[in-house]
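Notes to accompany the following structure.
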Amino acid sequence: NFIKNKISNIKLINEDALTALKDIKLNKFDFIFVDGSKINYLKIFKILEKKVKNKCTICFDDALYHGDIFNRKSNTDHGEGVKKLLNYLKKDKKWNKILVPISNGILLINKKSKN
């Protein structure tokens, strides 16, 4: 779709996020979309939060994980992974965050301005 729509300022990285993030300079990214191993969402975020520039928005897909995040004890490792990220972000005041209840959920995060 990027080629079809003649969009050239997008870099698609289609590999394991934890592996890919070790080698990528993220200080030039404006938007990062994460869709993959929900089990590792918190690990992925902890890498991203150290590497992204202040105006970068991070989007995590499937942030409701079929409603499993609302269970006291998650039914799946994936639901537990998403829940760990959400609980971590509840305590972190450096980030704006919004959980959009569309489809299976989208979590949008960006650093708060230092104004």
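Values below: every heavy atom of this structure, side chains too, minus hydrogens, waters and symmetry copies. Because the structure is a prediction, the values reported are computed rather than measured.
Interatomic distance, CZ of Phe45 versus CZ of Phe60, reported as 6.5 Å (0.5 Å rounding). To the nearest 0.5 angstrom, Leu85 atom CG is 10.0 Å from Lys97 atom NZ.
Taking both residues in full, the closest heavy atoms of Gly79 and Ile69 are given as O-CG2, 4.0 Å, listed atom of the first, atom of the second, then distance. Across all non-hydrogen atoms, the minimal contact from Val82 to Ala63 is CG1-O, 3.2 Å.
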Tell me, with the steps shown, if Phe70 and Tyr65 meet side-chain contact (heavy atoms from CB on, under 4.5 Å). CA-CA 9 Å; Phe70 299 114; Tyr65 202 73; over 6 Å; no

Going through the checks in order, is the side-chain contact (heavy atoms from CB on, under 4.5 Å) test met by Leu107 and Ile98? CA-CA 6 Å; Leu107 176 63; Ile98 186 164; over 6 Å; no

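Within the 4.5 Å cutoff, the side chain of Val34 has no heavy atoms near those of the Cys59 side chain. Inter-residue side-chain proximity for Leu18 and Lys43 is flagged as met; some heavy-atom pair is nearer than 4.5 Å. No side-chain heavy atom of Leu48 sits less than 4.5 Å from a side-chain heavy atom of Lys51. Counting heavy atoms from C-beta on, the side chains of Tyr88 and Glu49 come closer than 4.5 Å. Contact annotation: the side chain of Leu64 approaches that of Leu99 to within less than 4.5 Å [non-hydrogen atoms, C-beta and beyond]. Put simply, the side chain of Ile58 does not reach to within 4.5 Å of the side chain of Leu108, judged on heavy atoms.
Side-chain atoms of Tyr41 come within 3.5 Å of backbone N or O of Asp61 as a donor-acceptor pair. Judged by distance alone, with hydrogens and angles left aside, the side-chain atoms of Asn5 form no donor-acceptor pair with the main-chain N or O of Ile7 at under 3.5 Å.
Residue pairs that meet the side chain to side chain donor-acceptor pair (under 3.5 Å) test with at least one member in residues 101-112, sequence neighbours left out, are Asp62-Asn104, Asn96-Asn110. Pairs of residues two or more places apart, or lying in two chains, that qualify as side chain to side chain donor-acceptor pair (under 3.5 Å) and include a residue from residues 69-78 are Asp68-Asn71, Asp68-Thr76, Ser74-Glu80.
Within 6.0 Å of CG on Asn1 lie no more than 12 heavy atoms contributed by other residues, nucleotides or ligands.
Contacts of Asp35 classified as salt bridge (charged side-chain N to carboxylate O under 4.0 Å, His left out), with partners at least two apart in sequence or in another chain: Lys38.
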